[in-house]
2 protein chains.
Amino acid sequence: MSVEPEPEPEPDQDVDAHVRRLWRHRGTTVPTPRRGPRQQLDLDEILQTGIAIADAEGLAAVSTRAIAARFGKSGMVIYPYVGSKENLLALMQDHACAMPQWDDPDTSLADALQAWALALFEVYLAHPWLTERPWSHASQGPNEQDWLERLLRILDHWKVPPSARPVAVTMLYATVRATAETAASYQRMDRQGIAQWRDRAHATVRHIPDLPERYPLSTGLEPLTPQWQDNPRAALTGSMRLLAAGLRGAG
Amino acid sequence: MSVEPEPEPEPDQDVDAHVRRLWRHRGTTVPTPRRGPRQQLDLDEILQTGIAIADAEGLAAVSTRAIAARFGKSGMVIYPYVGSKENLLALMQDHACAMPQWDDPDTSLADALQAWALALFEVYLAHPWLTERPWSHASQGPNEQDWLERLLRILDHWKVPPSARPVAVTMLYATVRATAETAASYQRMDRQGIAQWRDRAHATVRHIPDLPERYPLSTGLEPLTPQWQDNPRAALTGSMRLLAAGLRGAG
DNA sequence: GAAAACACTATGCACTGCATGGAGTAAAAA
DNA sequence: TTTTTACTCCATGCAGTGCATAGTGTTTTC
């Protein structure tokens with residue numbers, strides 16, 4: 001009956017706090033003009049712990065309780081620092097995305113794109129769970145924005161026509177992510193063993209004996225490209241060359 | 001002490017059963033030379049139900065109990081039909097991937113690639129959760145293999161040099177998936193409301209007032225490309241043109 | 001000094017995949 | 001035909017999840 005006279009505390013309070021946490025190393029202050037007891041944990045340490053867990057055991061192993069346990073605390077401690085699980089993952093994502101330093105090659109567009117793509121590739125290889133996170137043109141955090149800005153600067157410098165840029169951006173990110181994903185899965189194979197993969201292939205051929213005739217091109221593809229798992233970086237640079245060639249051709 | 005004299009029932013029994021389920025419409029029989037009571041459910045109906053749930057509520061909402069509830073049964077019923085949750089998702093993935101019919105345009109490589117990419121794009125748009133599933137060159141099931149074979153046939157017909165094919169395949173799949181992912185997220189925005197997205201952007205600018213100076217290129221990008229959310233198909237065809245141009249250039 | 005705002009803990013709820021054991025059924029083996 | 005065996009389906013239970021809630025104690029502000 002009697003409605004609580006809540007002062008409607010700005011509907012985007014959570015969003016605001018999250019943005020301030022995202023940009024905490026770029027000029028904002030984390031939302032704690034605090035009145036209660038001192039915080040015993042640190043946001044960056046929490047994120048590093050979460051990233052370490054994700055690197056070692058996968059994104060699914062990241063839970064509030066698992067992180068808090070490494071500090072000897074209860075699972076609910078995490079929430080004052082991050083707000084929600086989804087926010088925690090977004091913060092981890094940006095934290096793991098810090099852009100390294102390198103000089104843009106000024107030899108060719110292809111070389112500049114290769115340098116950018118390889119740098120991003122290394123980040124994704126170091127944190128394979130990043131491929132499980134959504135990606136969008138819209139900025140999530142400062143580190144992701146750094147990557148996008150850097151890429152656009154390259155395209156601008158080499159006078160790629162503006163109409164072709166969004167397409168190029170999409171293809172670049174998509175290719176790096178896909179290449180890193182397969183490279184990471186090959187890397188994981190060494191641990192678990194390739195046996196299961198071969199088992200499935202053999203079982204398929206056993207049940208569908210005429211598989212090579214049904215799929216003459218795709219069944220013959222894999223043994224022909226051992227450089228795939230050997231050197232995914234070569235595949236990536238090949239992609240960049242292809243894309244640069246397309247950009248030079250299309251006006 | 002006394003070890004059971006189990007006859008070691010072939011270690012890859014699960015793998016074998018899974019493969020037979022994957023190819024059940026292509027010549028294999030589902031692994032039930034059955035002795036017990038009749039099965040009351042049907043594998044294809046189970047997969048359709050799972051796909052319907054994933055389409056409507058996301059992949060996370062797919063659970064054995066949720067599917068079984070739609071048949072008025074307990075959650076454990078699902079396991080005799082699919083083996084495990086991961087197998088269930090793999091079967092759903094291939095089931096949702098059925099390749100439609102279309103004629104390869106013989107006008108140009110770009111047109112043929114566009115037709116392939118658009119067809120795959122529509123499948124991904126109809127089932128956006130497919131982007132959350134892993135993808136690899138290696139065959140998972142018959143429908144996925146159909147797509148790969150079709151693409152390789154196009155590349156073969158237009159005499160794309162074999163050395164460039166793996167790279168092209170990767171870029172094509174990656175681009176279609178990425179484009180579909182952003183298109184699907186824009187589509188979902190209409191329901192939930194774009195408000196939250198704008199809120200975050202505004203909050204960022206409020207806390208980082210000099211954001212446009214820090215990121216002159218990337219902050220100016222979004223309003224310049226409204227065709228992105230309006231017409232992602234145009235973006236996709238643009239990508240295909242770019243890639244075809246690159247393939248023509250690189251020998 | 002009083003009071004509000006905070007960090008942290010404990011508990012509980014609804015949910016997950018799936019191991020387990022049991023009941024009943026149909027086909028194969030005797 | 002009888003017995004055995006393999007099967008489906010159900011109920012329960014376990015360990016795990018995110019997080020709402022309530023309570024306790026600490027710190028800052030009025």
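Each chain gets a letter, A, B and so on, in the order its sequence line appears, and its residues count up from 1.
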Next on the checklist: Regarding B:Tyr81, tell me which of base, sugar-phosphate or nothing describes its non-hydrogen contacts under 4.0 Å with the strands shown.
Outcome noted: sugar-phosphate

Between [X] and [N], is there a side-chain N or O to OP1/OP2 distance below 4.0 Å?
{"X": "A:Gln40", "N": "C:dA7", "result": "no"}
{"X": "B:Lys85", "N": "C:dG17", "result": "yes"}
{"X": "B:Ser63", "N": "C:dT16", "result": "yes"}
{"X": "B:Thr64", "N": "C:dG17", "result": "yes"}
{"X": "A:Tyr79", "N": "D:dC19", "result": "yes"}

Checklist entry - Just by modelled atom types, is the A:Glu144 backbone N or O under 3.5 Å from a matching donor or acceptor in the A:Asp94 side chain? => result yes

Checklist entry - Is it true that a side-chain atom of B:Arg200 and a backbone atom of A:Val15 form a donor plus acceptor pair closer than 3.5 Å? => result no

Could you please name the option among [options] that lies closest to any side-chain atom of [X]?
{"X": "A:Arg35", "options": "C:dC8, D:dT8, D:dT28", "result": "D:dT28"}
{"X": "B:Arg65", "options": "D:dT21, C:dT16, D:dA11", "result": "C:dT16"}
{"X": "B:Val77", "options": "C:dA7, D:dC10, C:dT9", "result": "D:dC10"}

Checklist outcome for this item: Across all chains, not counting sequence neighbours, the side chain to side chain donor-acceptor pair (under 3.5 Å) partners of B:Tyr124 are B:Arg177

